[in-house]
Amino acid sequence: MDGIFAAVLAAVAERLDRLWPERPVRVDEVAAGAAGSFFVRVTGIVHGAELDRRRKSGCTVDIAYYDDKHRTVPYLVWAEEMCRAFGQVVLADGTVLYARNMHAEPVGREYHFVFDLRARGMLLEGEGSCGDVMERMEMAGV
C-alpha cells in the first residue's frame, strides 16, 4: 500500500485485528453474511497547501461493525472501547496522527465509529515543490 491514506487504512485495520482477533476486518468490500465483522473505509480525503513547502492532509475514517441484532449495552461498551483505542493512530513509519471529532452511532444493524485524522508536513526538495522563486534567481550584472 502506498500513500498516507492507504497507511491509515492499514493501521486502523491492524489495530482492530489486535483488539478483536476473532472478528474479520475487511477493507475492500463487505461480504455477504458480514455479521460479526468490521469494515473500514477512508472517506472525506482533503489535501491543502500552506506556506512555502508545507502541506496538510486529512481524512475521515469510518469503521462499521455488523451485528445481527442491535443490543444497547454492548453497543455502548463497544463505542467507549473504540474511543479509547483510536484516540491516536500510529502508522507503520512511526507517524502518530491524533483523532478528532470522534463519534459513534448505530444505523440499523451496523455500529459506526467515525473520526477525523489530520497530518501536516513538509515536501522535501525535489518532491514537487515549486519552492520560492527568489531562491532560484541569479544576480545579473547591471
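Just so we're clear, the structure is a prediction, and the values are computed from it rather than from any experiment.
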Exercise. Taking the side chain from Tyr65 and the backbone from Phe113, do they hold a donor-acceptor pair closer than 3.5 Å?
Worked result: no
Exercise. Closest heavy-atom contact between His112 and Ala64?
Worked result: CE1-CB, 3.6 Å
For this session: Considering non-hydrogen atoms only, spot the tightest contact between Ala104 and Ala79 and give its length.
Result: CB-CB, 3.7 Å
Can you tell me how far the [atom1] atom of [X] sits from the [atom2] atom of [Y], to the nearest 0.5 Å?
X	Y	atom1	atom2	answer
Glu110	Asp67	CD	CG	10.5 Å
Arg26	Leu16	CZ	CG	13.0 Å
Leu117	Leu91	CG	CG	8.0 Å
Thr43	Phe5	OG1	CZ	10.5 Å
Asn101	Arg118	CG	CZ	7.5 Å
Arg55	Glu50	CZ	CD	9.0 Å

Exercise. When you look at CD of Glu80, are more than 12 heavy atoms from neighbouring residues, nucleotides or ligands closer to it than 6.0 Å?
Worked result: no
For this session: Look at Asp62 together with Arg41 and state whether they make a salt bridge at an N to O cut-off of under 4.0 Å.
Result: yes
Exercise. Is there a side-chain contact between Met82 and Ile63, using heavy atoms and a 4.5 Å cut-off?
Worked result: yes
Is [X] linked to [Y] within one hydrophobic cluster, defined over Ile, Leu, Val, Met, Phe, Trp and Tyr using a side-chain heavy-atom separation of less than 4.5 Å?
X	Y	result
Tyr98	Phe115	no
Phe86	Ile45	yes
Ile4	Val42	yes
Met102	Leu76	yes

Exercise. Testing Trp78, Phe38, Phe39 for ring pair (Phe, Tyr, Trp, His ring centres under 6.0 Å) with Tyr111, which one passes?
Worked result: Trp78
